[in-house]
Amino acid sequence: MKTNITDVFFDLDHTLWDFDKNSEMAFDRIFKGKFPEINTQDFILKYAPINQACWKLYQNDQITHLELRYNRLKFSFDALNFKISDESINEIANDYIEFLTDNNHLFDGAIEVLEYLKPKYRLHIITNGFAAVQDKKINNAALANYFDTITNSELAGVKKPNSIIFDYAVNLAKASKENCIMIGDCLDADVNGAINAGLDAIFFNDKKIAAPQNIKQINHLLELKKYL
């Protein structure tokens with residue numbers, strides 16, 4: 001592992017902030033309050049892969065923010081054969097964004113590893129999430145004090161894996177690419193995006209999916225201590 005690292009960049013969702021757990025809790029609150037006939041677990045089984053597919057389209061500029069918010073719900077309800085009006089879908093979409101940041105579960109070891117890294121490196125976040133929502137997550141989960149800079153796709157004008165967002169983040173951090181490393185859960189957006197932009201990268205592979213052997217990877221956040 002390189003010893004000249006000065007700046008460590010983290011993805012937020014699915015890397016530090018446990019999006020799946022917090023998302024399920026938000027939907028459970030919505031359904032219990034307004035649609036008790038919907039089983040949250042059944043919905044999540046459909047929603048999780050659909051949401052992931054929609055986000056991939058969004059990060060590649062193939063759908064808009066509004067299309068992302070609508071499509072991931074519409075397609076999930078269609079997959080459940082649950083008839084619901086567009087008005088209700090838009091209401092759920094708004095409630096979901098409002099409720100999501102009320103839950104702030106982090107991945108196991110997140111705070112411990114940030115406490116370990118903070119005295120040794122400058123820490124930063126690069127996220128494709130929407131600025132207002134991501135800021136709430138960071139503040140409500142008491143993460144803000146760990147990070148020197150936070151770059152989101154709205155500020156940079158592009159999304160990961162576009163190299164421009166990494167350039168933006170490195171410049172904001174007043175760092176040099178050869179001294180930077182990116183840690184994230186998405187091989188395409190986080191790892192390959194960072195490497196193609198000239199940064200080093202570590203794949204947070206908590207689901208233990210098949211990954212190229214030449215990619216540095218960890219299955220638990222505390223394994224970062226082996227590299228940093």
Side-chain angles (χ1 to χ4, degrees), residues 10-110 127-141 143 152-154 159-160 184-190 203-210 219-221:
F10 280 91
D11 178 42
L12 182 61
D13 293 332
H14 303 285
T15 300
L16 294 171
W17 200 81
D18 193 339
F19 181 90
D20 290 340
K21 181 181 288 188
N22 296 323
S23 179
E24 183 175 335
M25 292 175 70
F27 279 122
D28 195 51
R29 179 177 171 185
I30 292 167
F31 296 152
K32 283 180 177 176
K34 295 180 178 177
F35 299 93
E37 65 272 33
I38 298 175
N39 180 281
T40 303
Q41 292 294 326
D42 292 342
F43 176 83
I44 292 296
L45 284 175
K46 303 294 186 184
Y47 175 81
I50 288 170
N51 181 51
Q52 187 175 25
C54 287
W55 265 100
K56 187 162 188 178
L57 292 173
Y58 175 71
Q59 75 186 24
N60 291 318
D61 295 318
Q62 293 175 269
I63 60 173
T64 66
H65 173 192
L66 290 176
E67 287 171 327
L68 167 67
R69 288 184 59 173
Y70 175 82
N71 289 353
R72 63 186 180 183
L73 292 174
K74 171 63 174 171
F75 296 164
S76 298
F77 288 123
D78 286 349
L80 281 175
N81 295 314
F82 186 85
K83 298 206 177 295
I84 187 168
S85 68
D86 283 352
E87 182 182 0
S88 291
I89 288 177
N90 289 325
E91 185 179 336
I92 291 171
N94 290 333
D95 287 346
Y96 174 73
I97 294 300
E98 181 183 346
F99 297 161
L100 185 60
T101 55
D102 288 343
N103 311 304
N104 289 286
H105 291 279
L106 301 175
F107 277 93
D108 186 46
T127 173
N128 280 352
F130 312 126
V133 178
Q134 300 304 77
D135 287 347
K136 282 186 180 179
K137 291 175 184 176
I138 291 165
N139 290 323
N140 291 353
L143 292 175
N152 62 64
S153 52
E154 290 180 50
K159 310 173 195 74
K160 295 176 293 183
D185 71 291
C186 182
L187 274 172
D188 181 32
D190 298 314
F203 177 35
F204 176 46
N205 189 10
D206 72 307
K207 292 183 170 57
K208 300 181 180 179
I209 66 171
N219 304 131
H220 190 283
L221 288 173

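Computed from a prediction, not measured in an experiment: that's the story for all the values here. Note that the numbering runs from 1 along the sequence shown for the chain.
The aromatic rings of His14 and Phe19 are tilted relative to each other, their planes meeting at an angle between 30° and 60°. Ring orientation note: the planes of Phe31 and Phe27 are close to parallel, at an angle under 30° on the 30°/60° scale.
For residues 17-27, the salt bridge (Lys or Arg N to Asp or Glu O under 4.0 Å) pairs, not counting sequence neighbours, are Asp20-Lys207. Note on residues 50-60: no pairs pass salt bridge (Lys or Arg N to Asp or Glu O under 4.0 Å), not counting sequence neighbours. For residues 36-54, the set of pairs meeting the salt bridge (Lys or Arg N to Asp or Glu O under 4.0 Å) definition, not counting sequence neighbours, is empty. Applying the salt bridge (Lys or Arg N to Asp or Glu O under 4.0 Å) test to residues at least two apart or on different chains, the pairs with a partner in residues 131-141 are Asp13-Lys137.
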> Should Leu143 and Leu12 be marked as a side-chain contact (heavy atoms from CB on, under 4.5 Å) after you check the CA-CA gap, both sets of side-chain angles, and the distance that decides it?
Replying inline: CA-CA 10 Å; Leu143 292 175; Leu12 182 61; 4.1 Å; yes
> Would Tyr96 and Arg72 satisfy side-chain contact (heavy atoms from CB on, under 4.5 Å), going step by step from the backbone distance to the final call?
Replying inline: CA-CA 12 Å; Tyr96 174 73; Arg72 63 186 180 183; 3.6 Å; yes
> Under the side-chain contact (heavy atoms from CB on, under 4.5 Å) criterion, do Phe35 and Ile92 qualify, and how do the steps go?
Replying inline: CA-CA 10 Å; Phe35 299 93; Ile92 291 171; 3.6 Å; yes
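A pairwise comparison of heavy atoms in Asn71 and Cys54 identifies CB-SG, 4.1 Å as the closest pair. Heavy-atom minimum distance, Ser23 versus Tyr47: OG-CE2, 4.0 Å. Nearest approach of Gly129 to Ser153, heavy atoms of both residues: O-OG, 4.0 Å. Closest of all the heavy-atom pairs between Ile44 and Pro49 is O-CD, 4.4 Å. Summarising the geometry of Asn104 relative to Asn22, their closest heavy-atom pair is N-OD1, 3.5 Å, with the distance given to 0.1 Å. Counting all heavy atoms, side chain and backbone alike, Thr101 lies closest to Glu98 at OG1-O, 3.9 Å.
Within the model, atoms OG1 of Thr64 and CG of Leu57 stand 11.0 Å from one another, a figure rounded to the nearest 0.5 Å. To the nearest 0.5 angstrom, Asn219 atom CG is 9.0 Å from Phe203 atom CZ. Note that the CZ atom of Phe99 and the CD1 atom of Ile30 stand 6.0 Å from one another [nearest 0.5 Å]. Of the inter-residue distances, the one linking Asp78 atom CG with Ile50 atom CD1 reads 8.5 Å to the nearest 0.5 angstrom. Put simply, CD on Glu154 and NE2 on His65 are 7.5 Å apart, with the number rounded to the nearest 0.5 Å.
Aromatic pair Trp17/Phe204: ring centres not closer than 6.0 Å. Between Phe43 and Phe77, the ring centre distance stays below 6.0 Å.
Shown are Asn152, Thr127, Ile97; of these, the side chain to side chain contact (heavy atoms under 4.5 Å, CB included) with Val133 is made only by Ile97. For the side chain to side chain contact (heavy atoms under 4.5 Å, CB included) with Leu16, the qualifying choice from Ile138, Leu221, Asp185 is Leu221, the only one to do so. The residue from Lys34, Arg69, Lys32 that alone fulfils the salt bridge (charged side-chain N to carboxylate O under 4.0 Å, His left out) condition with Asp95 is Lys34.
Looking only at atom types and distance, the side chain of Asp86 has a donor-acceptor partner in the side chain of Tyr70 under 3.5 Å away.
Taking Asp61 as the reference, Lys159 meet the salt bridge (Lys or Arg N to Asp or Glu O under 4.0 Å) condition, with sequence neighbours excluded. For Asp102, the salt bridge (Lys or Arg N to Asp or Glu O under 4.0 Å) partners at least two apart in sequence or on another chain are Arg29.
Within a 6.0 Å sphere centred on CD of Gln52, other residues, nucleotides and ligands contribute 12 heavy atoms or fewer. Residue-environment remark: CD (Glu87) stays at or below the threshold of 12 foreign heavy atoms within 6.0 Å.
For Thr15 (side chain) and Gly184 (main-chain N/O), no donor-acceptor pair under 3.5 Å exists by modelled atom type.
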